[in-house]
Amino acid sequence: MHKTATIAIVAALVLGGAAACGNGHSAGETSPTVTSPGITSPSTPQEATTPQSPSPETPRELKQGQTISVTTEDGPAEITLLAVHNSTAIGDSKADAGQQYVVYSMQVKNLGTTGEWDTSWLESPRWSGSNGEADSPVFVVGVDDAKLIPYDPFSSTPEPRPGEHVKATEVLGVPNISGTLQFEDSPGNTQFNIIIK
């Protein structure tokens, strides 16, 4: 019986102490918190202790001339879309019926402090056509146009080390409709899109 009484007293003290430390408001009310001199905003104890989880976002669109920052398991990097072009013919090469070529050139700069930055996922995006058809683009070889294809593909460039950058051009075959190239560093984790019109 003595242990039970001690436990009850300790519980009462703990609960009473918590109530004494409270803000005097009922559970549903908020109290103002000073966020900067002279400005207050309502807050709840839960807001102060529980971080907000990020809301699902639509992947970013990478446009020609734009640079974005990405972070993968290899660390941070900056990716610049130097050029993007789509056509049913490049030089003397013509795309198969119902297909088009998509050519894009990128610069990737490793912003990390250790290790190489894997660029392989940048050469194999997922295609999502405007008609709802998903496809795996086909890597195209043998087309030649120095203006449209100024660099080697990522598979022929070294992985950039910290502070280094590489430039690469990819030529892909996709259905001849508008759509989106979705760049995923891991399955289902789209870092950014390039929209093809």
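Treat the numbers as computed from the prediction; the structure is a model and nothing was measured.
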Checklist entry - Hey, mind stepping through Asp185 and Val70 against side-chain contact (heavy atoms from CB on, under 4.5 Å) and telling me if it holds? => result CA-CA 10 Å; Asp185 66 319; Val70 299; over 6 Å; no
Checklist entry - By side-chain hydrogen bond (donor to acceptor under 3.5 Å, both in side chains), which residues pair with Asn176, not counting sequence neighbours? => result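 With neighbours one apart ignored, the set is empty.
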Next on the checklist: The criterion is side-chain hydrogen bond (donor to acceptor under 3.5 Å, both in side chains); which residues satisfy it with Glu184, sequence neighbours excluded?
Outcome noted: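 Residues passing side-chain hydrogen bond (donor to acceptor under 3.5 Å, both in side chains) with Glu184: Thr190.
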Item to check | side-chain contact (heavy atoms from CB on, under 4.5 Å) partners for Thr180, two or more places apart | outcome: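 Gln182, Asn193, Ile195.
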Next on the checklist: So, using side-chain contact (heavy atoms from CB on, under 4.5 Å) as the criterion, who are the partners of Leu111 when residues are at least two apart?
Outcome noted: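 Partners of Leu111 by the side-chain contact (heavy atoms from CB on, under 4.5 Å) criterion, ordered by chain and then number, come out as Pro76, Glu78, Lys109.
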Next on the checklist: Suppose the criterion is side-chain hydrogen bond (donor to acceptor under 3.5 Å, both in side chains): which pairs have a residue in residues 132-160, not counting sequence neighbours?
Outcome noted: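 Checked against side-chain hydrogen bond (donor to acceptor under 3.5 Å, both in side chains) - neighbours excluded - the pairs reaching residues 132-160 are Thr119-Glu159.
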Next on the checklist: Nearest 0.5 angstrom please: Lys94 NZ to Gln99 CD, how far?
Outcome noted: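 So the gap between those two atoms works out to 15.5 Å.
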Next on the checklist: Please verify the inter-ring angle class for Phe192 with Phe183; under 30° counts as parallel, over 60° as perpendicular, anything in between as tilted.
Outcome noted: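 Ring orientation of Phe192 relative to Phe183: parallel.
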Item to check | Heavy-atom donor-acceptor pair, Thr169 side chain to Pro153 backbone, under 3.5 Å | outcome: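 Absent.
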Next on the checklist: Test of understanding: clusters of I, L, V, M, F, W, Y form through side-chain heavy atoms closer than 4.5 Å, transitively. Do Phe139 and Val166 belong to the same one?
Outcome noted: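 In one cluster: yes.
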Are any non-hydrogen side-chain atoms of [X] and [Y] less than 4.5 angstrom apart?
{"X": "Arg126", "Y": "Leu181", "result": "no"}
{"X": "Arg60", "Y": "Ile68", "result": "yes"}
{"X": "Asn110", "Y": "Glu164", "result": "no"}

Item to check | CA sep, side-chain torsions, deciding dist, call: Thr72, Gln191, side-chain contact (heavy atoms from CB on, under 4.5 Å) | outcome: CA-CA 9 Å; Thr72 68; Gln191 288 279 353; 4.1 Å; yes
Checklist entry - Rest of the hydrophobic cluster containing Val143 (Ile/Leu/Val/Met/Phe/Trp/Tyr, side-chain heavy atoms under 4.5 Å)? => result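 Members besides Val143, by chain and number: Ile90, Tyr101, Val103, Val140, Leu148, Ile149, Val171.
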Next on the checklist: Can you tell me which residue among Leu82, Leu172, Leu62, Asn86 is in a side-chain contact (heavy atoms from CB on, under 4.5 Å) with Tyr104?
Outcome noted: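 Filter result, single survivor: Leu172.
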